[in-house]
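Being a predicted model, the structure only gives us computed values, none of them experimental.
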Amino acid sequence: MRIRWTIATSLKALLLTLLLAPTALHAEPTAGERATADALFRDAKRLMKKKAYDEACPKLAESQRLDPQGGTLLNLAVCHARQGLTASAWVEFQEALALAKEAKRRDRIHLAEREIVKLEPRLSRLTIQVPETARVEGLSIRRGNVEVAAAAWGTPVPVDPGRVEISATAPDHEAWSTSVTLEEKDDKTVTVEPLQKIEKPAPQPAPKPPPPKDTGEDGSKERLIGLAVGGAGVIALGVGSYFGVRAVNQNSQSEEHCDGTLCDPRGVELNDQSQRSANVANVAFAVGVVAVGVGTWLYLTAPKKKEQADALRVDAAIGAHNGSVLLSGSW
């Protein structure tokens with residue numbers, strides 16, 4: 001049967017509880033947590049009767065976390081002792097003893113005191129030495145997942161038997177780690193080695209951009225090609241203008257041989273010629289506009305070394321019977 005415990009009102013008991021039993025400050029559990037803790041406790045007791053300590057101990061630990069009880073803590077200490085975790089059991093018996101004295105439970109007091117006496121000769125102790133040469137700013141020492149405070153450096157501390165990992169880290173230093181295996185009653189020392197400082201590479205100046213490559217060309221070739229293409233475009237515009245005017249004239253002549261939609265053979269022939277001329281004019285105009293645009297672009301984007309064109313202007317004019325393109329500028 002488990003009996004709930006509370007924090008003593010006396011200052012002495014309060015200090016002892018704070019030092020040995022931080023679980024006493026656990027918030028009041030909910031009804032659901034109490035129910036879960038009770039079920040875990042009963043299941044763990046059943047497993048302990050079967051000596052299935054590896055299964056029972058985690059259940060007791062979870063029950064104690066959900067609903068801290070003096071009886072649960074005492075059973076957890078017994079379970080860890082039977083499991084071979086002597087240091088964990090020794091600490092838990094110390095906590096359970098303080099709570100039993102607070103609750104005036106003589107049966108639990110006798111059990112805890114008897115187990116503590118039996119455990120003390122079996123304890124394994126580990127000392128972590130940190131020489132002055134290894135003490136750098138921001139140094140952090142860990143024993144497994146537990147941070148080892150600087151005050152505990154050089155002090156033999158009870159640990160559970162088995163393999164123990166010790167690691168050291170510090171800003172701007174390479175991490176260091178080692179491991180040691182302890183049996184019951186072992187008393188071993190691990191010395192932390194000085195951490196190697198990580199040398200930061202010197203900042204490199206930003207690379208200078210390479211100077212512009214001088215090809216020795218002044219862009220005259222590109223401008224010449226641009227003028228040639230633009231000139232071809234002008235010729236195409238002229239051809240388009242010619243055939244456009246011709247299409248208009250042929251269409252006018254065909255109307256003289258037609259009465260409404262009825263045309264004599266000459267009218268039909270002139271109408272067909274007018275259509276073909278219009279098609280040629282459209283194609284020539286399109287080619288001319290594209291060629292003039294490309295030629296202008298080639299001319300303006302050509303590399304310039306000494307002289308730069310002041311301006312380049314293209315003007316096109318198309319009349320009813322003729323067309324013209326004017327290319328002006330200085331180069």
Visitor: Is the side chain of D160 donor-acceptor paired with the backbone N or O of S88 at a distance under 3.5 Å, no angle test?
Guide: yes

Visitor: Given side chains that start at C-beta, do those of L40 and E62 come closer than 4.5 Å, heavy atoms only?
Guide: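 Yes, their side chains come closer than 4.5 Å.
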
Visitor: Considering residues at least two apart in sequence or located in another chain, which fulfil the side chain to side chain contact (heavy atoms under 4.5 Å, CB included) criterion with K185?
Guide: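 For K185 there are no side chain to side chain contact (heavy atoms under 4.5 Å, CB included) partners, ignoring immediate neighbours.
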
Visitor: Just by distance, do the side chain of K45 and the backbone of A56 share a donor-acceptor pair under 3.5 Å?
Guide: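 A pair under 3.5 Å: no.
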
Visitor: Please answer whether the main-chain N or O of V148 pairs with a side-chain N or O of W153 as donor and acceptor at a distance below 3.5 Å.
Guide: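 Yes: the side chain of W153 pairs with the backbone of V148.
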
Visitor: Above 12 or not: heavy atoms from other molecules or residues under 6.0 Å from CD of E147?
Guide: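 More than 12 within 6.0 Å, yes.
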
Visitor: If two hydrophobic side chains count as joined below 4.5 Å and joins carry through other members, does L126 share a cluster with V192?
Guide: yes

Visitor: Check whether Y53 and V91 end up in the same hydrophobic cluster, where Ile, Leu, Val, Met, Phe, Trp and Tyr are linked by side-chain heavy atoms less than 4.5 Å apart.
Guide: yes

Visitor: Between E199 and K197, is there a side-chain N and carboxylate O pair less than 4.0 Å apart?
Guide: no

Visitor: Is it the case that one hydrophobic cluster holds both V159 and L123, taking links as side-chain heavy atoms less than 4.5 Å apart, direct or via other members?
Guide: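 Each belongs to a different hydrophobic cluster.
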
Visitor: Is there a side chain to side chain donor-acceptor pair (under 3.5 Å) between H80 and E92? Walk through the geometry before answering.
Guide: CA-CA 9 Å; H80 280 156; E92 289 158 356; 2.8 Å; yes

Visitor: Tell me if a side-chain donor or acceptor on E165 pairs with a main-chain N or O of R143 at a distance below 3.5 Å.
Guide: no

Visitor: Taking the side chain as C-beta and beyond, is there a heavy-atom pair between L182 and R125 under 4.5 Å?
Guide: no

Visitor: Does the side chain of F93 come within less than 4.5 Å of L73's, by heavy atoms?
Guide: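 They are not in contact (no side-chain heavy atoms under 4.5 Å apart), so the answer is no.
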
Visitor: Determine yes or no for a side-chain-to-main-chain donor-acceptor pair under 3.5 angstrom, with R142 supplying the side chain and N145 the backbone.
Guide: yes

Visitor: Taking NZ, NE, NH1 and NH2 as the nitrogens, is one of them in D43 or K59 under 4.0 Å from a carboxylate oxygen of the other?
Guide: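 Looking at D43 and K59, the cut-off is met.
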
Visitor: M48 and L85: same hydrophobic cluster, using ILVMFWY side-chain contacts below 4.5 Å?
Guide: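 No; L85 is not reachable from M48 via cluster members.
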
Visitor: Under a 4.0 Å N-O cut-off, is there an ion pair linking E55 with R46?
Guide: no

Visitor: Looking at R42, I'd like to know if its CZ atom is crowded, meaning that more than 12 non-hydrogen atoms belonging to other residues, nucleotides or ligands lie closer than 6.0 Å.
Guide: no

Visitor: Take E33 and D67, measure what side-chain contact (heavy atoms from CB on, under 4.5 Å) needs, and give me the verdict at the end.
Guide: CA-CA 7 Å; E33 288 175 331; D67 187 13; 5.8 Å; no

Visitor: Just by modelled atom types, is the A37 backbone N or O under 3.5 Å from a matching donor or acceptor in the S63 side chain?
Guide: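 Judged by distance alone, yes, a pair lies under 3.5 Å.
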
Visitor: Could you tell me which non-hydrogen atom of E137 sits nearest to which non-hydrogen atom of P171, and how far apart they are?
Guide: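 Heavy-atom minimum between the residues: O-CD, 3.6 Å.
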
Visitor: Have S124 and D186 got a donor and an acceptor in their side chains that come within less than 3.5 Å?
Guide: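 Result is no, nothing qualifies.
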
Visitor: Pair up each side-chain donor or acceptor in residues 110-118 with any protein partner under 3.5 Å, not counting sequence neighbours, and list the distances.
Guide:
none

Visitor: Run the side-chain contact (heavy atoms from CB on, under 4.5 Å) check on V180 and I166 step by step: do they pass?
Guide: CA-CA 8 Å; V180 60; I166 300 95; 3.8 Å; yes

Visitor: Given 3.5 Å as the limit, does a donor-acceptor pair link the side chain of R135 with the main chain of V130, or not?
Guide: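 Present.
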
Visitor: If you apply the rule side-chain contact (heavy atoms from CB on, under 4.5 Å), what do you find for V164 with V190, and how did you get there?
Guide: CA-CA 11 Å; V164 181; V190 172; over 6 Å; no

Visitor: With a 4.5 Å heavy-atom cut-off, do I128 and I141 have their side chains touching?
Guide: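 In contact.
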
Visitor: How close do G84 and P161 get, counting heavy atoms only, and between which atoms?
Guide: O-CD, 3.4 Å

Visitor: Quick check on the hydrophobic clustering: are V146 and W90 connected, directly or via other members, by side-chain heavy-atom contacts under 4.5 Å?
Guide: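 No, V146 does not connect to W90 through the hydrophobic network.
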
